[in-house]
Every structure is written in C-alpha cells, then in structure tokens.
Amino acid sequence: MVRPAVLITGAAKRIGAVLARRFADSGWHVVIHAGHSPALAREFAATLPSAEVVEADLVDREAGLAMIAEVAARLPDWRVLVNSAAVFKPDTAQAIQPEIFAEAIRVNAETPTAMAQAFLARAKSQGGKRVIQFLDQKLINTNPDFFSYTMAKHAFASTVRMLAMAQDDPATRIYGLAPGAMLPSFDQAEEEHEISGRMNLLQRLTDPAELAQAALFMAQGWLASGETIYVDSGQHLLSQPRDVLFLARE
C-alpha cells in the first residue's frame with residue numbers, strides 16, 4: 001500500500017523536524033527538504049519509518065521549482081506541501097538592508113509561493129492536495145523588529161486566500177499556520193527563551209508538538225480552505241512593542 005506523501009521544507013531540524021516525525025508516526029511518507037544541512041537531514045530520515053531527503057537552496061527559485069517537478073514526477077500520492085523553511089535575520093524599520101530584504105522576500109515568500117503553484121499543478125494525489133504556508137503571529141501582533149522578515153511574511157500570508165480562491169477542486173485546500181515563540185530564535189540563550197516563550201496570554205511555553213498536530217489536522221481534516229490557524233497560546237492577541245526576544249532582555 002502506497003503511503004500518502006508530504007514534503008516539508010526545512011525539515012532537518014527544529015520545528016520542521018518535529019512536524020516530519022509527527023507525520024511519519026501517522027503513516028505518511030515524509031520528504032525532508034534540506035537547504036544547507038543535507039547530512040543532518042539524511043541522518044534524521046534514517047530514524048523515520050518512511051522518509052527521503054531532497055535538496056534545494058530556496059534562495060534559488062528555479063532550484064525550488066526543479067525540486068517540486070522531480071518529486072511530483074515520481075511520487076504516486078503526494079498530498080501535502082508544507083512550506084515551513086524561512087530565514088530570520090535582524091533589521092529595523094529605520095532602513096531596509098538590501099541583502100537581508102532580498103533574501104527574506106525570496107526564501108520567505110517568492111520561492112515557496114512558486115513551489116506551491118507548481119505542486120498544485122504537477123503533483124499526483126489520490127485524496128486532494130493541501131498546501132500549508134507557515135506564517136507568524138507577528139502578522140497580527142506586529143512590531144518593527146526583524147523588519148524584512150515581517151514584510152515577507154505579510155506578502156506570504158496574502159497568498160493563502162488568493163491561492164484558495166483560485167482552486168476549482170473542493171478537495172484541494174490552502175492553509176496558513178502561524179506559530180508564536182516556541183524555540184530559542186536568532187541568538188537567544190535557552191534561559192532567555194524560558195522568559196520570552198511565556199510572553200503570551202496563557203503565560204506558558206507553547207510546545208512545537210501542538211504545531212505539528214495542527215499541521216496534521218490541516219493535512220487530513222476539513223477546515224475551510226483559505227483559513228489560518230494561530231498556535232501561540234494567545235500571543236497574537238497581545239500588543240507587544242518589540243520582538244519577545246528583545247523584551248526578555250529588558
């Protein structure tokens with residue numbers, strides 16, 4: 001029996017790896033995309049019941065599209081694309097740094113959107129197709145830190161409903177999945193994350209496993225296409241003047 005397949009970008013480590021393991025444990029064949037850590041990805045894939053590794057640097061849009069075409073050509077039941085890979089580099093509202101902005105727009109918005117379009121056009125699926133676009137609670141709880149990253153995520157978020165509206169097949173659905181602070185980010189120490197990770201309405205650390213469960217629900221459930229789920233213990237309902245990474249240091 002052929003397992004349904006899911007491709008998860010950036011799945012060799014951190015939250016992407018949590019998602020990969022959750023899907024694998026639920027009977028899926030997991031395609032682990034690696035951009036810069038192929039050896040780590042292959043080592044991780046060997047621990048899963050059914051997995052493989054594909055490589056592409058998402059700064060290169062054409063490399064991302066070639067990866068989608070290659071996987072679509074050989075997998076008989078590729079149902080889900082999870083665009084979770086992202087770059088997260090600091091800049092401010094005072095002045096855009098061209099290199100940071102260009103990379104953020106390409107990796108966090110342009111390439112994954114093009115990949116989603118190619119997946120929807122090319123992939124063979126026996127049960128409808130689902131695209132899960134990783135967003136950020138910053139979309140609602142906006143602050144000026146990580147300026148280019150946030151701009152790119154706003155652009156990416158706009159694709160969810162537009163792509164959903166463009167689909168004719170009711171079994172094909174496009175979703176947004178917006179996490180809050182879950183793991184130490186950028187240059188954070190673990191003890192700093194213990195503080196910043198609780199800066200939400202429930203004052204608790206949000207477990208990445210909760211995000212993985214939400215992604216699995218989107219892959220298999222019947223949430224209306226075009227919807228976004230926030231998994232952040234209510235962080236997006238606050239109004240925080242800075243990224244919690246910096247608030248924890250003040």
Side-chain angles (χ1 to χ4, degrees), residues 3-60 63-64 67-68 71 75 78-89 103-104 106-109 111-113 115-116 119 130-138 146 149 152-153 156-157 160 175-186 188 193 197 205-220 228-232:
R3 292 174 180 251
V6 54
L7 189 155
I8 304 172
T9 65
K13 53 189 176 181
R14 291 176 61 83
I15 286 175
V18 177
L19 266 68
R21 188 167 295 281
R22 184 70 182 87
F23 272 90
D25 289 346
S26 298
W28 290 69
H29 173 70
V30 181
V31 183
I32 299 168
H33 157 260
H36 303 288
S37 306
L40 181 65
R42 287 190 288 271
E43 182 180 338
F44 174 52
T47 70
L48 302 179
S50 180
E52 62 180 274
V53 175
V54 293
E55 299 178 41
D57 185 348
L58 300 187
V59 171
D60 183 349
M67 175 180 70
I68 295 295
V71 174
L75 289 186
W78 181 13
R79 299 186 191 181
V80 180
L81 170 65
V82 183
N83 276 316
S84 62
V87 291
F88 185 67
K89 294 183 179 179
E103 183 183 24
R106 180 60 64 88
V107 175
N108 298 352
T111 298
T113 299
M115 288 167 51
F119 163 73
R130 308 285 171 96
V131 174
I132 302 173
Q133 312 281 55
F134 261 57
L135 307 177
D136 195 300
Q137 65 84 33
K138 283 175 174 284
F146 297 93
Y149 165 86
K153 285 295 184 179
F156 197 35
V160 173
Y175 298 123
L177 186 54
M182 290 190 178
L183 296 173
S185 60
F186 189 50
Q188 252 191 337
H193 173 64
L205 293 174
T206 308
D207 191 333
E210 299 167 32
L211 194 67
Q213 185 59 36
L216 190 63
F217 165 67
M218 288 175 160
Q220 302 177 156
T228 293
I229 291 178
Y230 288 78
V231 182
D232 63 355

Test log, rule salt bridge (Lys or Arg N to Asp or Glu O under 4.0 Å), inputs R42 and E55: CA-CA 11 Å; R42 287 190 288 271; E55 299 178 41; 3.4 Å; yes
Heavy-atom side-chain proximity of Y149 to D136 below 4.5 angstrom: yes
Side-chain (R79) to main-chain (A219) donor-acceptor, under 3.5 angstrom: no
Heavy-atom closest pair, residues T111 and G64: CG2-CA, 4.5 Å
Flag, side chain of H193 to backbone of M182, donor-acceptor distance under 3.5 Å: yes
Q133 CD to M115 CE distance, which is reported to the nearest 0.5 Å: 9.5 Å
Backbone N/O of V30 and side chain of R3: donor-acceptor pair under 3.5 Å: no
Beyond-backbone contact of V87 with R106, side-chain heavy atoms, under 4.5 angstrom: no
Least distance between heavy atoms, G16 atom then S84 atom: CA-OG, 4.4 Å
With I32, the side-chain contact (heavy atoms from CB on, under 4.5 Å) member among V54, L48, L7: L48
From NZ (K138) to NZ (K153), nearest 0.5 Å: 11.5 Å
Pairing of E43 and K13 as salt bridge, 4.0 angstrom limit: no
Pairwise distance OG1(T206) to CG(L183) - rounded to 0.5 angstrom: 10.5 Å
Spatial distance of atom OG (S185) from atom CD1 (I15) [nearest 0.5 Å]: 9.5 Å
From CA spacing to verdict: side-chain contact (heavy atoms from CB on, under 4.5 Å), F134, N83: CA-CA 6 Å; F134 261 57; N83 276 316; 5.9 Å; no
Validation row: I132, V80 side chains within 4.5 angstrom (heavy atoms): yes
Parallel, tilted or perpendicular, as decided by the 30° and 60° cut-offs, for the rings of F23 and W28: perpendicular
Distance (rounded to the nearest 0.5 Å) between E52 CD and H29 NE2: 3.5 Å
Any side-chain donor near an acceptor of the partner, T9 and H33, under 3.5 Å: no
ring-ring contact (aromatic ring centres under 6.0 Å, His included) partners for F156, two or more places apart: none
Heavy-atom side-chain contact between V82 and L177 under 4.5 Å: no
Pairwise distance CD(E103) to CG(N108) - rounded to 0.5 angstrom: 8.0 Å
